[in-house]
There are 2 protein chains.
Amino acid sequence: MSLIVVGSVAYDGVETPHGKVDRMLGGAATYIALSAAYFTDVKIVAVVGDDFAQKDVDLLLSRKIDLAGLERVAGGKTFFWAGKYSPDMNDRETLRTDLNVFAEFDPKLPEAYKSAPYLFLGNIQPELQRSVRSQMNGVRLTGGDTMNYWIADFRAQLLQTLKQWDFLLINDSEARQLSGEHNLRRAAAKILDLGPHTLIVKRGEYGAILFRRDCHFMVPGYLLEDVFDPTGAGDCFAGGFIGYLSGQGISPRDGGIDVAALRRAVIYGSVMGSFCCEKFGVDRFRTLTREEIEARYQEFKTCTAF
Amino acid sequence: MSLIVVGSVAYDGVETPHGKVDRMLGGAATYIALSAAYFTDVKIVAVVGDDFAQKDVDLLLSRKIDLAGLERVAGGKTFFWAGKYSPDMNDRETLRTDLNVFAEFDPKLPEAYKSAPYLFLGNIQPELQRSVRSQMNGVRLTGGDTMNYWIADFRAQLLQTLKQWDFLLINDSEARQLSGEHNLRRAAAKILDLGPHTLIVKRGEYGAILFRRDCHFMVPGYLLEDVFDPTGAGDCFAGGFIGYLSGQGISPRDGGIDVAALRRAVIYGSVMGSFCCEKFGVDRFRTLTREEIEARYQEFKTCTAF
């Protein structure tokens, strides 16, 4: 089974109480792909400039990530973002956003991508997300992310786009903004009327909740002793979630979906998000093994069973 | 098995986005006792003035709560607290605190209380908590609560008091203040060096974590559709936790304790805290049944199992 991941590939400058890195590989599609690649075959759709370094290409290729859809704009520069976290790392301030080649991103799927059964649409303009979905034939499970900017200023397009999704994966403040409800249970009920049969609400250090019309599933956040850099943790959650479903071949059939598999996917998402925070940027994924992932999945069981 | 509960019995004035009540039964010992009484025999140690209403006495007696230790000060007035919650109910402002007879509270245990095996020391001056413990003979499990004021200004006395406790049950900001560590896992490790073998950290809507030296157990918060009044929810958590342990006769034996029972106690605590928020003050406990409690316990299982 293979998974298409669409979104940003970028360079980030990040400062946390544990240190500062001026420029390192980042971007939502990068984190999602690196995380999902532990579970399934991943094909990236993104754009970079000709400053995109060979060592970063090599890292992605080492995880067998297909880069046929990684467009390179000659003479262009890769998207750059810089931010600084608060002392408790619950807030961050954006210091710089240079969209560069990302400003003109118009995702075109290579032929070989179009028949893939799994699609994750990272946080980009809703119309572009819709365009990618329409280029595919035979997609079995579609989901994605969005953000406050699209919810506020591109609401009509976003609502149109969401109609075609199986799941939406956003954080709690986005769920509140999209639904106009502060209470998460009410917010979820409204969002599930917009199209997706499944909503996953990420709550940062407090874990995540999966909502469906007839049930919900809650997982607390993994308790890390040290959070070095939370950048990308939500994207790694998304990668673990959709990566696991793709690797297991889970999709709606006969009008239903395997809810137990969705629950396990939320745990794998939580596991991958927690690993992401243990080092700067994507560094944890340079050494992380599938065995460590399974051990942490078991730890989640041990810490939550009663 | 019977449980001694020490703390405040009070009248509260509360305003939330759902309404306003000028004067109603409140106080930590009241909430703890009403909650614990679903699981075990409860004996209260507290003080009130002669304004304490017969209907409130009757409510406590209807739950078979022993009031032999409820001192009445002739000519005195009962502790009064008033507060107003923020629109999202995550913060509250204290509008009035009249300690009244509570200012001179010096708990004396009736003879019939002294041999009880379970003791919960609500949030009062640490020296008074220690005095109660020393009046008991044969206590098998002692735990309690404290607050920012005692942690900051009565630290030495609090540390002396904690040495004799089996468990400490506080919220996350108190755990951070007591330990000087922001990270909860590190905070817990330091607190478990102070005496208690078990620490329970309440995280409000985000649930709770039980810490022991060799393991921890996390439970997410119950997702309510409406929170009418969060006053007393933490105390009802405490009542469910210690009440369940007392009702089951759980205490350390042969140097160990039944950790599976502690986990179940955390769930019962969470269940009782969630019910508390569904109506103003203690009102939910006027109608709550043991069957509803068991149903919500099962709901916790359904919403967290994978």
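Below, chain A is the first sequence line, B the second, and so on; all start at residue 1.
- The residue among A/Met218, A/Arg203, A/Glu205 with the most heavy atom pairs within less than 4.5 Å of chain B is A/Met218.
- In this structure, the portion of B/Ile209 lying under 4.5 Å from any heavy atom of chain A is its side chain and not its backbone.
- Proximity to chain A among residues 178-190 of chain B is limited to B/His182, B/Asn183, B/Arg185, B/Arg186, judged by heavy-atom separations below 4.5 angstrom.
- For the pair B/Lys301 (side chain) and A/Ala305 (backbone), a donor-acceptor distance under 3.5 Å is absent.
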Take B/Leu223 and A/Phe211 through the side-chain contact (heavy atoms from CB on, under 4.5 Å) test and state the conclusion after the steps. CA-CA 11 Å; B/Leu223 281 187; A/Phe211 290 96; 3.6 Å; yes
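- Applying a 4.5 Å heavy-atom cutoff, the residues of residues 263-279 of chain B that approach chain A are B/Arg263, B/Ile267.
- For the pair A/Asp172 and B/Tyr206, the tightest heavy-atom approach, listed with the atom from each and the gap, is OD2-OH, 4.4 Å.
- A/Phe300 and B/Phe306 get closest at one heavy-atom pair: C-CZ, 3.9 Å.
- With respect to chain A, the highest number of heavy-atom pairs below 4.5 Å among B/Cys303, B/Pro220, B/Ala260 belongs to B/Cys303.
- With a 6.0 Å radius and a threshold of 12 heavy atoms from other residues, nucleotides or ligands, A/Asp214 has its CG atom above the threshold.
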